2 protein chains.
Amino acid sequence: MKPVRVKAHGNVTRQANKKLRRERIFNIAKKLIALKGFDEFTISELAEEAGVSTPTIHNLFGKKEDIADELVAELILSLQKVMSFKPISDPIESASYYVTSIISMYKDKENFYRSAYMAADKTGVFEDRESVDSFYKQSIKIAEHCVIPALEQGFLLGNIDKKILTRQLYQCHRIGRQDWVYGYINLDQYHDQVLEAMLMAYATDASPECHQRISDKLKSI
Amino acid sequence: MKPVRVKAHGNVTRQANKKLRRERIFNIAKKLIALKGFDEFTISELAEEAGVSTPTIHNLFGKKEDIADELVAELILSLQKVMSFKPISDPIESASYYVTSIISMYKDKENFYRSAYMAADKTGVFEDRESVDSFYKQSIKIAEHCVIPALEQGFLLGNIDKKILTRQLYQCHRIGRQDWVYGYINLDQYHDQVLEAMLMAYATDASPECHQRISDKLKSI
DNA sequence: TACATTTTTTATTATATATAAAATTTGTCT
DNA sequence: AGACAAATTTTATATATAATAAAAAATGTA
């Protein structure tokens, strides 16, 4: 009876190399998806760009849908970091800081974020408003973390329901992000569009002093 | 030499019947697109539902892309009507009237509007902000027609740039519409979401009296 | 009922995703 | 260096969809 060997001798090295190859091809995939859109990009095109055959793509990534799932999972993970940013009470500072942070994050890996958001649109993860740990509810909570100190410090008056205000702050991001993801505006335009919308939302309940500053800030964008 | 007859004897009747058949199948297409999404709906599925073969679909409608183009053309035409609605100076009345009008229009032919907006997303017509007769610029103009009388009547103060205000009023619609078109919210939720967002936009520049009324109205939604 | 024409269908092509099985490559150990 | 076992890639193939050409059927009128 022959001795049974569960793993090949050089399996550790093999896995490491595989990971490198996979990563190289995954980056090409991100580039192609960002360039053409998720549905429009094809496995065979990816294979050709990567210099391999289509079954190799399937071997490394599974179905096309699996690529979307992987992008989304990576995106969710990456967004968890932003989720834990420290609240700033002044609405103008808060909005500026928040938008700038996100932009610089996107700028770093634009292909990844654009392709991942496209994939997310296909799965609908961001649209789920029901489940407790939904991205929607998490985002609303973050917006709330911005509104509460602003109320406490008197930048906001409390005449507009907090819930409505936070909801608006969240919605601001969505439409701008959409426009950027699908290639209608660039990141700089995204910055201005979202900042403008966030400031407008804050302005609805701003103290006279704060309202004046927001108005000035809006003129400078 | 045989006499050349350009048209068949019964061509008028034929064309009329063809139009009826075509319309029947087009309605099924709208239903299917609204139900499954434009990319997900297939020609063969449509053919089966309609009780004809796939080439018949192609014969009647051309390519799949042509179906999208036709939906978009019909949508643009239908929206031209809404474009010419009379401005109301009071922001609350104006927003309520506008949202209600649109909803009732959509409610009538929900399959059509949902499938047409999906098709429009694919073509990107609504994202074009450059050309003079772009839908974007037309929409901005309508929003302006709402803002100007509100300023004149003193409902708005003019502290916030008119351009910014109109832009916000337009953006309000987009995200809510998106959520409805892709099946995440129904028309009643769309109503509340868009009305809330429009009122919030007006509130940023509202006179104290108007701001109070908006605040009350928001509580009642 | 004959017919000219339109309309539909059968047959076929092209392209994309996906998988199974064969062929090749890889990394290690002797 | 060369043998080897497993991993990896490729060739070949299946399935699904969109699209078109040519043949067959249906239609409306005289």
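Keep in mind that the numbers below use all heavy atoms, side chains included, and drop hydrogens, waters and symmetry copies. Residue numbering restarts at 1 for every chain, and letters A, B, ... go by the order of the sequence lines. No experiment lies behind these values; they were computed from the predicted model shown.
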Q. Which nucleotide in the set D/dT17, C/dT19, D/dT10 lies at the smallest distance from any side-chain heavy atom of A/Thr56?
A. D/dT10

Q) Quick one: B/Phe61 CZ to D/dT20 P, roughly how many Å, whole number? A) 15 Å

Q.
Rounding to an integer number of Å, can you tell me how far B/His58 NE2 sits from C/dA14 P?
A. 16 Å

(Q) Rounded to whole Å, please give me the gap between CD1 in A/Ile67 and C1' in C/dA18. (A) 12 Å

Q.
Heavy atoms only, 4.0 Å cut-off, all strands: where does A/Ser53 land among base, sugar-phosphate and nothing?
A. base

Q.
Please tell me if A/Thr54 has a side-chain N or O lying less than 4.0 Å from either OP1 or OP2 of D/dT10.
A. no

Q: Would you mind telling me which of C/dA16, D/dT10, C/dG27 lies closest to the side-chain atoms of A/Ser44?
A: C/dA16

Q. Residues in side chain to side chain contact (heavy atoms under 4.5 Å, CB included) with B/Arg129, at least two apart?
A. A/Asp179, A/Ile185, A/Gln193, B/Tyr136, B/Gln171, B/Arg174

Q: Round to a whole Å and report the spacing from CZ of A/Phe38 to C1' of C/dT17.
A: 12 Å

Q) Whole-Å distance between D/dT17 P and B/Lys36 NZ? A) 9 Å

Q.
Set out, in order, the CA-CA distance, both residues' side-chain angles and the distance that settles salt bridge (Lys or Arg N to Asp or Glu O under 4.0 Å) for B/Lys109 and B/Glu74, then state yes or no.
A. CA-CA 12 Å; B/Lys109 299 194 273 176; B/Glu74 216 177 289; 5.1 Å; no

(Q) Need to verify one output field. Residue with the more 5' nearest nucleotide on DNA chain D, B/Gly62 or A/Leu60? (A) A/Leu60

Q: Starting at atom CD of B/Glu48, determine the distance to atom C1' of C/dT9, rounded to an integer number of angstrom.
A: 16 Å

Q. Roughly, in whole Å, what's the span from CG in B/Asn17 to C1' in C/dT5?
A. 14 Å

**Q.** OP1 or OP2 of D/dA18 under 4.0 Å from side-chain N/O of B/Lys64
**A.** yes

Q | Contact nearer the 5' end of DNA chain D, comparing A/Val52 with B/Asp39 | A | A/Val52

Q: Say whether, by atom type as modelled, one donor and one acceptor occur between the side chain of A/Asp205 and the main chain of A/Ile160 under 3.5 angstrom.
A: yes

Q. Between B/His173 and B/Tyr98, is the gap from one ring center to the other below 6.0 Å?
A. yes

Q) So which one's nearest nucleotide on DNA chain C is more toward 5', B/Pro55 or B/Lys18? A) B/Lys18

Q) Cation-pi between B/Lys31 and B/Phe41: NZ/CZ under 6.0 Å from ring centre and within 45° of the ring axis? A) no

Q) Of all the choices, D/dA18, C/dT19, D/dT20, which nucleotide is nearest to the side chain of B/Lys63 once you look at every atom? A) D/dT20

Q: Figure out the CG/P separation between B/Asp66 and D/dA19, and round it to whole Å.
A: 8 Å

